Amino acid sequence: MPNGKIHDNPISDIIIHGEHPYPEHIEKLVVELYKLNPVIFNALQWSPFDWKEGKYLKGAEALLRELIRNHGNPQNCAKLIEEYKANTKKLNQ
C-alpha cells in the first residue's frame with residue numbers, strides 16, 4: 001500500500017519528492033493536470049506506473065492534453081480515461 005514514500009507512486013515522486021520518472025514533456029503535462037485536478041490521477045489507476053516504464057507514452061501525452069483541455073467537464077474526463085484504458089487493454093492482448 002503506497003504511503004507517500006519516494007518511489008511509491010510516480011505522481012507523488014514528481015509532485016512531492018521532485019523526482020523525474022517521465023520524459024520532460026510528459027512530466028510537464030502531469031504537473032499541469034495535477035494543479036488543475038489532483039484527484040483525477042486516482043481514476044488513472046495503474047497508468048502512471050506504465051508510463052514510468054515507458055509504455056504508452058504517445059497515448060499518455062494525448063490523454064493528458066485532453067484531460068487538461070476538458071478539466072472543467074468531469075463527464076468528458078471520465079470518458080477520455082475509459083477510452084484510454086480500453087485502448088491500452090487492446091494493446092496488451
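Model, not experiment: these values are computed from the prediction. If you read the sequence from its start, that first residue is 1, and numbering goes on from there. What you see below is based on every heavy atom in this structure, not just the backbone, and it leaves out hydrogens, waters and symmetry mates.
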Exercise for review: Evaluate side chain to side chain contact (heavy atoms under 4.5 Å, CB included) for Asp50 paired with Thr88, printing each intermediate quantity in order.
Suggested key: CA-CA 10 Å; Asp50 288 337; Thr88 56; 5.8 Å; no
Review point. Under a 4.5 Å cut-off applied to non-hydrogen side-chain atoms, are Pro21 and Trp51 in contact?
Key: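 No, every pair of side-chain atoms sits at 4.5 Å or beyond.
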Check your understanding: Mind checking whether Leu29 and Tyr34 have side chains closer than 4.5 Å, heavy atoms only?
Key -> no
Exercise for review: Please test Lys52 against Asp13 for side chain to side chain contact (heavy atoms under 4.5 Å, CB included), starting from the C-alpha separation and ending with a verdict.
Suggested key: CA-CA 11 Å; Lys52 183 177 178 178; Asp13 285 350; 4.0 Å; yes
**Study point:** Taking every non-hydrogen atom, the tightest pair across Phe49 and Pro10
**Key:** CE2-CD, 3.4 Å
Point to revise | Shortest non-hydrogen separation from His20 to Glu27 and the atoms involved | key: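 That closest heavy-atom pairing would be ND1-OE2, 2.8 Å.
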Check your understanding: What is the distance from atom CG of Asn76 to atom CG of Asn70, rounded to the nearest 0.5 Å?
Key ->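 Those atoms lie 4.5 Å apart.
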Review point. From Glu32 CD over to His71 NE2, what is the distance, rounded to the nearest 0.5 angstrom?
Key: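 Glu32 CD to His71 NE2: 9.5 Å, rounded to 0.5 Å.
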Exercise for review: Could you please spell out the steps behind the salt bridge (charged side-chain N to carboxylate O under 4.0 Å, His left out) verdict for Lys85 and Glu82?
Suggested key: CA-CA 5 Å; Lys85 288 180 190 177; Glu82 289 308 312; 3.7 Å; yes
Review point. Do the charged groups of Lys28 and Glu24 touch, with an N to O distance under 4.0 Å?
Key: yes
Point to revise | Qualifying residue for side-chain contact (heavy atoms from CB on, under 4.5 Å) with Phe41, from Leu44, Val39, Asn37 | key: Leu44
Exercise for review: Begin from the C-alpha positions of Ile6 and Glu19 and carry the test side chain to side chain contact (heavy atoms under 4.5 Å, CB included) through to its verdict.
Suggested key: CA-CA 8 Å; Ile6 195 163; Glu19 293 289 304; 3.5 Å; yes
Point to revise | Criterion side chain to side chain contact (heavy atoms under 4.5 Å, CB included) on Glu66 and Arg69, from CA distance to verdict | key: CA-CA 5 Å; Glu66 285 300 307; Arg69 199 166 66 86; 2.7 Å; yes
